[in-house]
Structure formats: C-alpha cells, structure tokens
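Please read these numbers as outputs of a predicted model, since none were measured by experiment. Chain A is the first sequence line, chain B the second, and so forth, proteins listed ahead of strands; every chain is numbered from 1.
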Number of protein chains: 2
Amino acid sequence: MAKGTIAKTVSERADLLPLISEVFRRHGYEGATLALIGKATGLGKGSLYHFFPDGKAQMAAEVLAEIDHWFEVNIFAVLRNSNDPAQAIADMTACVDRYFRSGNRVCLVGVIALGASRDIFSSQVQDYFSRWNDALAQTLRRAGFSAGVARRRSEDALLTIQGALVLARALDDTRVFGQAMVDMQARLLAK
Amino acid sequence: MAKGTIAKTVSERADLLPLISEVFRRHGYEGATLALIGKATGLGKGSLYHFFPDGKAQMAAEVLAEIDHWFEVNIFAVLRNSNDPAQAIADMTACVDRYFRSGNRVCLVGVIALGASRDIFSSQVQDYFSRWNDALAQTLRRAGFSAGVARRRSEDALLTIQGALVLARALDDTRVFGQAMVDMQARLLAK
DNA sequence: CAGAGACTGTACCGATCGGTACAGAGAGTC
DNA sequence: GACTCTCTGTACCGATCGGTACAGTCTCTG
C-alpha cells in the first residue's frame, strides 16, 4: 500500500519468453525460482502471473513451445524441404552451432530430459527429438541411404549434439563442441 | 520432546552414499532436498548432519568422490594397465553399459556439468572427464593411433556416452543407448 | 472526461527450504 | 552403575519457495 510507486513498462509476451528461457537453461526447471525469473525479466510477480496465470509450469511449457517452433522453422522444415541433402545438413550444422553459441549455451530440452521434470514435460521433450530425428532421417533417405542407416545416423547426430554440449561444459572447452560438429557432419554423409 | 521414541539403527557411512547418490541423480543438486535425502536414507536430519556436518554440499562432494573412485578403479585403471587395447575398450564399453543400466540411469557428473551447480563442483567435474579422456586416449595411442587421433576419438567416445544418456531418456528408448555403445566401440577402433 | 481493462508493484499466505540445537537411546569402558 | 561417545529423532530457526490478493497506474475507447 505504498503510495503511487508503480511504473508502467508494458512488456510484450514475446519479449519475455527468451529471457525466461535463459533462466530455465541456467538453473533447470526446479532451480528456476520466481525470484530469478523476476530479476531476469525485470517484472514483479504481479506481471508474471498476469501473463502466465498457471505460473512456473506454464512459463516452462511456453518456453518449450517457442523453442520447438524455432527449431521447426529454422531446422526441421529446412531438412524436409531441401532437395540438396548435403547442403541441408551443412545448414543444419551451422545453424545448431550458432544456436548453441559454439557450446556456450545449453539445450533446455536436454536439461529437462535429464531431470525429474522430464515426467511433466515428457510429451514435448519426446516430440522435439523425434520430429528432429524424423526430419533428419528423411533427408538422409533422400541422400540415398537405407531407412535403417538413415535412422541410425540421425540418432547418432542428435546424441552427438547433446553429448558435445555436456562435455564442452564439463571440460570448459568450446573447442570440443566445434570438433564434434565437424565430426557429426562428416559422419552423416560418409561413404 | 516426545518421550523415548528414538530408535537405534547405526548406519554406515558407506551404505549411505549410494542412496544419496540416486537422489542427486534423479533431482539434480538444486532439486535434491534434505527431505528427499532423508526419505531415501531413512535418516533424520540429525543423523545426516552427524555424518555430513557441512550438509548438502558435503554430501554431493562425497558422492562425486565416490563415483570418481569407482570409475578410477573399474574403468580408468583398466584402460591404463591393459596391454590389449581392443579388449580394454570392449571391457570399458560393457562396464559403462552396466553402470548406466543400459541407459536407464543418468550420469550425475553430466547432470551437474549442465546445471548451475557446475560452478561449485567444476574442478571435480573437469577432473573426472579429463582423467577418463587421458586414460582412453593413452589406450588408443597404444593401439597405434597418433596423439591427435587418439585424443579426438576419445573425446568423441565420452560425448557419445553423455549424449546417448540424454537422448535415450528423452525418447524413453534404451535401444538408443545400446546402439550408441555399439557405434562408439566400433568408431574407437576403426581403420 | 468517464469508464473499462491491461499491466504493474507489493504485502501477504502456508509450505518448505537448508541448517541448528538438543535431549534421548544405545554400546563400550572403567 | 556412572561416564563417555556415537547415533538418533524432532522441535525450531530465518529465509525463501510458488502462488494469491489487491490497489494503483497506465492506455485505449467512447
């Protein structure tokens, strides 16, 4: 009930999600507190619950949806629509390297997959990876590989990205991530 | 101050660590609460703080030390001492598959590496992976590979294990982990 | 200018957080 | 039996958790 100390900033929902996303990335679902999210966005709980009436779970769900959409547009769709498989895979690799800032940024979907919160978001996590897997395998099929090889190579690529992020962070060496991306691209199109 | 309701169970420190380890694995460092640890061990805070006066941080540090020791004995030492590189790598692969229960169990060191708690345990995390990396690269050198190739293949193997754990959990498909272990072993000794 | 509705900070809620204090219970020693 | 030391449960601490309530402030519409 302090007198007239309320400013008006008018935040856009779309501007909020990337900021919240980084908090979840850094601290995981359980570690991301409303206080941290408030600090990152510059908003109080009032505003936060105005935009996300269902609280933290809704924020995480919408962040995951936005990430899913970004990958759908920038990566999955490119893989599906390209008729130059080698170029599509090169584009994907470059895009992934840029997105994860050469290993300095962590994959939120992977972080959630490892934690206890996987059970809450299991369908979104599974969907993200299996759609990526399908799109990439489809591209490899178009490059002339059998369904089995395509699928196996695609899974290998996905797991390489996730593992490279873990190891690069563990060793504090982004070079590990860069090398893994080079190796991954070579393995995808080998032979 | 309820009257005489205190039982005497006499827990062994050594029996405690594996139980605590599983809590950290499932919930991460921030998500592992004293209540969960108490539930898992069947001990109250009194006993917990008797064994670990510095609380949660000490528990995590000792769990990490125990994991480190287990890998040192069962994996790193085997890699260093074997004079049959192919056999040593096959043993490592089998041992890793067993330890991670074919992808059903998560790597605590990897989980910590991804989270904010990495900063607290950075030296232990880095040590674990770089000692593994050194031991494996040394084995590959003995198999006749150049230092550069050995190092690159070794890093690739470590990242494959971590990524396979993430992807297997995300897709809820342990087959992914098994296939990754097969591929990893083949790539380590290829050509 | 009046009213509606979106957006804001803040006080507050019960629950739980990590951690402390402490007394009771058991086993060993004399 | 009295003393000591280890191990135990539990009451309690201040801080913070996710979430609610609400009054104030702005913009937009008439």
How would you list, by chain and number, every residue that makes a ring pair (Phe, Tyr, Trp, His ring centres under 6.0 Å) with A:F24, sequence neighbours excluded?
A:Y29

Counting heavy atoms from C-beta on, name the nucleotide in C:dG19, C:dG9, D:dT8 closest to the side chain of B:Y49.
C:dG19

Return each pair, listed once, that meets ring-ring contact (aromatic ring centres under 6.0 Å, His included) where at least one residue sits in residues 147-175 of chain A; pairs must be two or more places apart or across chains.
none

Counting only non-hydrogen atoms, which of residues 52-66 of chain A are less than 4.0 Å from DNA chain D?
A:G55, A:K56

Nucleotide of C:dG19, C:dC7, C:dC12 approaching A:F51 most closely (side-chain heavy atoms)
C:dC7

Nearest to the side chain of A:A35 - D:dC17, D:dT8, C:dT8?
D:dC17

Give one of base, sugar-phosphate or nothing for B:G38, where a contact means two heavy atoms less than 4.0 Å apart.
nothing

Between atom CZ of B:R25 and atom CD1 of B:I112, what is the distance when rounded to the nearest 0.5 Å?
10.0 Å

Please check this pair: side chain of B:S130 against backbone of B:Q126, looking for a donor-acceptor N/O pair closer than 3.5 Å.
yes

Taking atom P of D:dC7 as reference, at what distance in whole Å does atom CG of B:L43 sit?
11 Å

Test: salt bridge (Lys or Arg N to Asp or Glu O under 4.0 Å). Region: residues 99-123 of chain B. Which pairs qualify, not counting sequence neighbours?
A:D172-B:R118, B:E22-B:R105

A:Y99 vs A:F71 aromatic rings, parallel, tilted or perpendicular, using cut-offs 30° and 60°?
perpendicular

Interface residues of residues 22-34 of chain A with DNA chain D (non-hydrogen, below 4.0 angstrom):
A:A32, A:T33, A:L34

For residues A:I89 and A:Q185, determine if any side-chain heavy atom of one lies less than 4.5 Å from a side-chain heavy atom of the other.
yes

Considering only NZ, NE, NH1 and NH2 on the basic side and carboxylate oxygens on the acidic side, decide whether A:R152 and B:D183 come within less than 4.0 Å.
no

In whole angstroms, the gap separating P of C:dC17 from CG of B:L48 amounts to 13 Å

A:L36 CG - D:dT16 C1' separation (whole Å)
11 Å

Can you measure B:H50 atom NE2 to C:dG19 atom P for me and round it to whole angstrom units?
17 Å

If you only use heavy atoms from C-beta on, which nucleotide in D:dT10, C:dT8, D:dG19 is closest to the side chain of A:K45?
D:dG19

Does any pair with a residue in residues 52-65 of chain B pass salt bridge (Lys or Arg N to Asp or Glu O under 4.0 Å), and if so which ones, sequence neighbours excluded?
B:R13-B:E62

